[in-house]
Amino acid sequence: MKIVKADYIYINGKYKKDYGILFNDKIEVVDIYNNLIFKYPDLDIIDGGENSVLYAGFINTHTHLEFSANKTTLKYGSFLPWLYSVIENRDELINSCDEVIIDNAINDMLKSGITSFGAISSLGLDLDACIKAPHRVVFFNELIGSNPQTVDSLYQDFLQRFEASSLYQDDLVTPAIAIHSPYSVHPIVLKKAISFAKNKKVPLSAHLLESKAERDWLDNSDGDFKEFFSSFFNQSKAVTTVDEFITSFDSYPTHFTHCTEANNNDLKRLKEKGHSVAHCPRSNRLLGCSRLEIEKLIDFNLPFSVATDGLSSNFSLNIFDELRGALMLHNKADINLLSKKLIDSITTVAGKVLGLKCGDIKEGYFADFVIIKLPQKPQREEDIALLTILHTKEVDKLYIGGKKYV
Ligand code: MCF
Ligand code: FE
């Protein structure tokens with residue numbers, strides 16, 4: 001067992017001074033530092049040092065590692081041009097995404113303080129890297145397919161990928177299911193996949209209401225998706241409506257990504273049924289999507305995480321870059337309150353969403369934590385969350401399951 005101390009430890013929404021944590025692979029005791037060293041005088045002590053702040057390890061609930069090779073290939077600015085560029089370049093992007101590229105993406109997350117992440121896996125090509133990663137990984141096997149003629153074979157392929165990831169289930173790896181979206185998954189396989197998730201009790205996620213084009217297509221079978229579905233899939237009508245899609249998830253809490261086009265009704269329904277939202281501010285901006293009105297989510301008490309999405313719609317997987325993006329995007333919000341919400345969104349909230357025993361400095365939880373260093377002594381406690389977001393690019397120390405990785 002060891003003891004770690006820092007100038008401040010973020011516990012339950014408060015920056016606690018003079019605290020310490022006794023840990024092995026799990027957090028054993030959280031107490032005033034002097035009490036800990038009095039009770040356990042002979043243990044190794046890790047001292048965060050001057051101007052240090054300790055947080056529960058950060059959690060990125062939504063990324064796509066198989067698209068990590070993209071830097072200059074995909075078209076940004078508007079959703080449909082992006083989607084066409086994904087379809088045109090998908091094979092080349094995925095084939096050129098080797099182990100080194102994925103490992104670099106994983107390592108960038110680690111350096112920014114990510115100790116757990118949710119990997120949306122389209123083909124299972126990132127499974128090895130995720131298993132080898134030091135992180136806690138929720139491996140979301142993606143189901144996609146709207147054409148009734150091909151959905152059954154796509155579902156079988158999804159099942160095989162799910163089973164392959166299940167072989168590695170342990171404290172670090174959780175197999176899970178990602179429904180791609182309402183526009184791209186046929187209701188028949190959608191229902192099968194949801195009841196499968198429910199049976200297996202594994203985390204479930206889905207992209208939802210990301211673009212205006214998606215809203216127009218689902219509401220009216222019209223808009224920018226019309227030409228897309230007619231030319232690629234010979235399809236003239238959406239396979240589902242927004243209500244039908246959301247209702248399918250009524251009995252199983254799901255993590256819905258984006259929701260930038262969700263209206264008050266949709267958001268209320270998500271709250272009522274125990275769902276949560278993954279907010280990807282930089283991805284939304286780069287794909288020409290609307291701002292997610294997080295003030296509404298806060299009003300409705302609908303939990304949200306902040307996540308990076310993949311390098312298919314972003315320029316880094318650094319979680320601090322994402323938090324700074326969110327801070328700038330939501331320019332009307334009180335800056336200190338928002339900063340705290342953002343920190344909570346990648347710790348406590350994200351841990352609950354992924355069903356992991358981490359994201360909180362709490363006895364019995366995994367000893368996943370990070371220490372960051374502020375450049376100078378903070379003058380006011382209420383500024384610490386904001387200062388952390390503004391001044392941190394990489395963390396100073398990082399532990400997962402009590403082991404040091406940074
Ligand atoms: O979250 C972003 C934007 N929305 C939807 N899909 C993706 C994102 N980044 C990568 N994707 C992947 C998705 O998993 O794009 C592929 C899917 O496999 C094609 S989308 C028809
Ligand atoms: Fe995504």
Compute whether any side-chain donor of one residue and acceptor of the other, for [X] and [Y], lie under 3.5 angstrom apart.
{"X": "Thr308", "Y": "Asn60", "value": "yes"}
{"X": "Lys198", "Y": "Ser251", "value": "yes"}
{"X": "Glu261", "Y": "Ser290", "value": "yes"}
{"X": "His135", "Y": "Thr115", "value": "no"}
{"X": "Ser305", "Y": "Thr61", "value": "yes"}
{"X": "Tyr15", "Y": "Tyr55", "value": "yes"}
{"X": "Asn35", "Y": "Asp31", "value": "yes"}
{"X": "Thr150", "Y": "Ser153", "value": "no"}
{"X": "Asn284", "Y": "Thr260", "value": "no"}
{"X": "Asn147", "Y": "His186", "value": "no"}
{"X": "Gln379", "Y": "Asp383", "value": "no"}
{"X": "His207", "Y": "His62", "value": "yes"}

Within a strict 4.5 Å, meaning less than it, do heavy atoms of the [X] and [Y] side chains meet?
{"X": "Leu74", "Y": "Ser312", "answer": "yes"}
{"X": "Leu327", "Y": "Leu338", "answer": "yes"}
{"X": "Val29", "Y": "Glu363", "answer": "yes"}
{"X": "His255", "Y": "Pro203", "answer": "no"}
{"X": "Tyr399", "Y": "Asp368", "answer": "no"}
{"X": "Ile59", "Y": "Thr347", "answer": "no"}
{"X": "Ile45", "Y": "Lys2", "answer": "no"}
{"X": "Glu99", "Y": "Ile102", "answer": "no"}

Report the C-alpha separation of Phe304 and Val353 in whole Å, then their side-chain angles, then the decisive distance to 0.1 Å, and conclude whether the side-chain contact (heavy atoms from CB on, under 4.5 Å) test is met. CA-CA 9 Å; Phe304 68 91; Val353 159; over 6 Å; no
Test side-chain contact (heavy atoms from CB on, under 4.5 Å) on Asp7 and Val53 and set out the steps. CA-CA 6 Å; Asp7 278 4; Val53 189; over 6 Å; no
Indicate yes or no for a side-chain donor-acceptor contact from Glu293 to the backbone of Glu295 under 3.5 Å, with no hydrogens or angles considered. no
Any donor-acceptor pair under 3.5 Å linking the side chain of Ser248 with the backbone of Glu244?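 Side chain of Ser248 to backbone of Glu244: a pair is present.
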More than 12 heavy atoms of other groups within 6.0 Å of [X] [atom1]:
{"X": "Lys404", "atom1": "NZ", "answer": "yes"}
{"X": "Tyr405", "atom1": "OH", "answer": "yes"}
{"X": "Asn12", "atom1": "CG", "answer": "no"}
{"X": "Glu92", "atom1": "CD", "answer": "no"}
{"X": "Lys357", "atom1": "NZ", "answer": "no"}
{"X": "Lys340", "atom1": "NZ", "answer": "yes"}

Determine whether the aromatic ring centres of residues Tyr19 and Tyr8 are separated by less than 6.0 angstrom.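 That pair fails the under 6.0 Å test.
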Is the distance between the ring centroids of Phe249 and Tyr252 under 6.0 Å?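 Not under 6.0 Å, so no.
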Distance, nearest 0.5 Å, that separates [atom1] of [X] from [atom2] of [Y]:
{"X": "Asn95", "Y": "Asn89", "atom1": "CG", "atom2": "CG", "value": "12.0 Å"}
{"X": "Leu386", "Y": "Leu337", "atom1": "CG", "atom2": "CG", "value": "11.0 Å"}
{"X": "Tyr76", "Y": "Ser283", "atom1": "OH", "atom2": "OG", "value": "8.0 Å"}
{"X": "Leu83", "Y": "Glu88", "atom1": "CG", "atom2": "CD", "value": "11.5 Å"}
{"X": "Leu190", "Y": "Ser146", "atom1": "CG", "atom2": "OG", "value": "12.0 Å"}
{"X": "Leu292", "Y": "Leu267", "atom1": "CG", "atom2": "CG", "value": "7.5 Å"}

With side-chain contact (heavy atoms from CB on, under 4.5 Å) as the test, would you mind laying out the steps for Ile3 and Asp44 before giving the verdict? CA-CA 6 Å; Ile3 293 172; Asp44 282 351; over 6 Å; no
Check [X] against [Y] and note the closest heavy-atom contact, atom names and distance.
{"X": "Leu302", "Y": "Ser276", "answer": "CD1-CA, 4.3 Å"}
{"X": "Arg161", "Y": "Ser122", "answer": "NH1-O, 3.1 Å"}
{"X": "Leu209", "Y": "Glu214", "answer": "N-OE2, 2.7 Å"}
{"X": "Phe228", "Y": "Tyr84", "answer": "CA-OH, 3.4 Å"}
{"X": "Ser316", "Y": "Leu311", "answer": "N-CD2, 3.5 Å"}
{"X": "Leu270", "Y": "Cys259", "answer": "CD1-SG, 4.2 Å"}

Name of the residue among His258, His330, Arg291 meeting side chain to side chain donor-acceptor pair (under 3.5 Å) with His279: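 Among His258, His330, Arg291, the one meeting side chain to side chain donor-acceptor pair (under 3.5 Å) with His279 is His330.
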What I want to find out is whether [X] reaches [Y] closely enough, with some N-O distance under 4.0 Å, to be called a salt bridge.
{"X": "Arg282", "Y": "Glu322", "answer": "yes"}
{"X": "Asp321", "Y": "Arg324", "answer": "yes"}
{"X": "Asp18", "Y": "Lys5", "answer": "no"}
{"X": "Asp266", "Y": "Arg215", "answer": "yes"}
{"X": "Asp128", "Y": "Lys132", "answer": "no"}
{"X": "Asp299", "Y": "Lys296", "answer": "no"}

Between Lys393 and Phe320, does the side-chain contact (heavy atoms from CB on, under 4.5 Å) criterion hold? Intermediate values first, please. CA-CA 6 Å; Lys393 290 187 175 60; Phe320 279 104; 6.0 Å; no
Side chain to side chain donor-acceptor pair (under 3.5 Å) evaluation trace for Asn24 with Glu28: CA-CA 7 Å; Asn24 46 35; Glu28 297 290 324; 3.3 Å; yes
Result of checking Ile114, Ile319, Asn318 against Met109 for side chain to side chain contact (heavy atoms under 4.5 Å, CB included): Ile114
Give a yes/no verdict on a cation-pi contact between Arg136 and Phe366, requiring under 6.0 Å between NZ or CZ and the six-membered ring centre and an angle within 45° of the axis. yes
Could you point out which residue of Phe229, Phe245, Tyr183 forms a ring pair (Phe, Tyr, Trp, His ring centres under 6.0 Å) with Trp217?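 Of all the options given, the one that passes is Phe229.
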